[in-house]
Amino acid sequence: MASAPGGRSGRPLLGLFLLIAFLGVWTFWPNLGSTPKLGLDLRGGTQVTLTPRLTSGTITDTQLSEAVNIIRQRVNGLGVAEAEVSTQGSGNSASIIVSVPGVSEQGIADVLKQTALLDFRPVEQEVAGASTVQSTETLIAPIQGDTAESLASALEKLDCTKPEARQGGNPDDPKKWIITCSRDGGTKYLLQPAFIKGTTISDAKPENSGTSWQVSLSFNAEGTQQLADASKALYQNTSPKNQFAIVLDGLVFSNPYFQEPILGGKASISGQFTVEQATTLANTLRYGALPLTLDLAEVNSISPTLGQDQLDAGLLAGGIGLFLVSIYLLFYYRALGVVAGASLAVAAVISYAAFVILGRQMGFTLTLAGIAGAIVAVGITADSFVVYFERIRDEIREGKSMRTAVSSGWTRARKTILAADAVSMIGAFVLYYLSIGSVRGFAFTLGLTTAIDVLVAFMFTKPMVTLFGRSAWFARGSKWTGLDPQRLGVTSVASAHAPSATAQNVGE
């Protein structure tokens with residue numbers, strides 16, 4: 001059965017407009033914000049200064065470099081793009097400067113200063129957090145030693161209700177016994193040497209347990225075996241010796257107990273986390289422990305490095321470029337230029353929605369370099385129109401009817417369009433993974449807008465030209481179509497029902 005005229009072209013157009021409607025609702029949904037997130041250069045943000053320290057020895061450039069890489073991964077894991085992480089100075093006088101767009105000062109500081117030293121320790125004793133001994137001595141957790149006996153008096157003196165006892169960030173020796181506090185200070189613990197170290201964690205991710213959020217952990221082969229051995233030894237003990245403490249940065253995050261041996265290499269950290277807290281903890285554990293402890297030296301709000309004037313200038317340049325391209329296409333291709341202009345408008349709408357939605361979902365921030373990538377994509381999109389329209393002209397010069405030229409011209413043009421866009425995508429992909437900072441923003445935006453170009457070409461430009469090509473006015477080759485015979489150097493546009501000629505004498 002023959003399809004209705006325009007049916008095949010109407011389906012992709014309908015699908016595209018449904019997609020645009022969905023993106024529009026998602027973009028302008030109340031109370032979510034309907035503008036793209038801007039980067040440091042356009043919006044400003046938070047700058048955190050961290051000073052590293054070691055318990056002994058000298059801080060090396062290798063340790064600083066490793067810390068910078070881990071911090072960058074942690075910030076990106078929070079869904080923040082375009083962060084700048086750098087070092088100032090060297091050795092024990094060095095500092096790490098982290099500049100992040102649009103993040104609360106205290107939130108980013110808490111994430112960055114964590115060393116993420118994690119271990120799992122059997123619980124020997126747990127008691128209330130307050131001190132039971134009157135003493136002028138200040139004890140800071142964790143306190144470590146070789147035997148339980150040497151720590152017994154210290155356990156009584158430790159007062160976990162004091163904030164300094166719960167500050168965390170203190171590395172401990174996993175081979176030694178320790179006494180330390182829970183995060184809230186309500187309980188203090190005497191803990192045995194660790195049976196699992198954090199370096200054996202292969203993955204960590206937040207999960208909703210139904211009533212609260214928790215962090216699920218997966219271990220490598222070594223950690224899986226250690227967890228199995230420890231659970232077999234501990235699960236038959238009476239409380240509290242059937243418990244194990246999950247110790248992060250010297251403080252107890254959770255103290256679950258073994259009901260049965262755990263043989264699958266899976267565990268979880270619970271503690272009535274919010275989704276933000278669980279995500280932060282999972283990212284911290286997944287990206288590893290810092291090679292040194294970081295002290296928070298300073299937190300400042302920073303102003304945009306470029307500002308509103310540069311943003312306005314960039315948007316103005318993009319608008320002028322889009323306008324000039326549209327005018328040229330309209331002047332040269334007439335009615336086809338209208339289709340091209342409409343295609344550019346559709347691409348702009350989808351791109352804007354993508355910027356807003358990706359900013360919410362994955363922290364994408366738009367910098368001046370990203371705006372440049374979007375402007376470059378205007379030229380890539382215009383190239384697609386030129387390739388397709390010129391293929392249609394070539395088909396007409398070969399004596400084909402308008403409807404046949406539109407169809408066969410697309411068959412020939414789409415390979416060229418896909419090849420050109422593939423080259424741009426590969427370039428953007430390589431540039432993204434080999435660069436950092438604003439260059440990655442340029443690459444990401446270029447790749448995103450190139451993908452949108454392919455979508456618009458297949459779901460809007462081609463169907464619209466097909467609908468135009470089926471009209472009687474277009475088939476006659478009027479001069480306002482951009483495909484009139486005189487401009488193409490042929491005597492006339494072939495009839496849809498006439499046999500196609502193999503050649504025409506140009507200039508007849």
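Every heavy atom of this structure was used, including side-chain atoms; hydrogens, water molecules and symmetry mates were not. By convention here, the first residue in the shown sequence is residue 1.
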Side chain [X], main chain [Y], donor-acceptor under 3.5 Å:
X: T445; Y: F442; answer: no
X: R360; Y: T27; answer: yes
X: K188; Y: L155; answer: yes
X: T187; Y: V127; answer: no

If you round to the nearest 0.5 Å, how far is [atom2] of [Y] from [atom1] of [X]?
X: L227; Y: I196; atom1: CG; atom2: CD1; answer: 4.0 Å
X: S212; Y: E207; atom1: OG; atom2: CD; answer: 11.5 Å
X: I350; Y: I357; atom1: CD1; atom2: CD1; answer: 10.5 Å
X: E260; Y: L263; atom1: CD; atom2: CG; answer: 8.5 Å
X: D453; Y: D383; atom1: CG; atom2: CG; answer: 9.0 Å
X: T449; Y: I380; atom1: OG1; atom2: CD1; answer: 6.5 Å

Can you find a side-chain donor-acceptor pair between [X] and [Y] that sits under 3.5 Å?
X: S218; Y: K266; answer: yes
X: T200; Y: E222; answer: no
X: Q47; Y: S99; answer: yes

From CA spacing to verdict: side chain to side chain contact (heavy atoms under 4.5 Å, CB included), N255, F244: CA-CA 5 Å; N255 60 317; F244 64 96; over 6 Å; no
Mind checking whether [X] and [Y] have side chains closer than 4.5 Å, heavy atoms only?
X: I262; Y: T224; result: no
X: T87; Y: I97; result: no
X: L431; Y: V439; result: yes
X: L446; Y: Y432; result: no
X: F458; Y: P12; result: no
X: L16; Y: I20; result: yes
X: Q236; Y: N242; result: no
X: I96; Y: T49; result: no

Aromatic plane relationship, Y352 with F28 - under 30° parallel, 30 to 60° tilted, over 60° perpendicular: parallel
Criterion side chain to side chain contact (heavy atoms under 4.5 Å, CB included) on Y235 and Y257, from CA distance to verdict: CA-CA 7 Å; Y235 88 98; Y257 61 91; over 6 Å; no
What are the two closest heavy atoms between [X] and [Y], and how far apart are they?
X: P174; Y: R121; value: CA-NH2, 3.3 Å
X: L23; Y: A353; value: CB-CB, 3.9 Å
X: P52; Y: A94; value: CD-O, 3.3 Å
X: A382; Y: V325; value: CB-CG1, 3.8 Å
X: V215; Y: A204; value: CG1-CB, 4.3 Å
X: L234; Y: Q243; value: CD1-O, 4.3 Å

Sequence-distant partners of E124, side chain to side chain donor-acceptor pair (under 3.5 Å), two or more places apart: Q192, K241
Contacts of Q225 that satisfy side chain to side chain donor-acceptor pair (under 3.5 Å) - sequence neighbours left out: D229
I246 vs V252, side chain to side chain contact (heavy atoms under 4.5 Å, CB included): CA-CA, chis, key distance, verdict: CA-CA 6 Å; I246 301 175; V252 175; over 6 Å; no
L190 vs W177, side chain to side chain contact (heavy atoms under 4.5 Å, CB included): CA-CA, chis, key distance, verdict: CA-CA 7 Å; L190 173 60; W177 293 66; 4.0 Å; yes
Pair F219 and F120, ring centroids less than 6.0 Å apart: yes
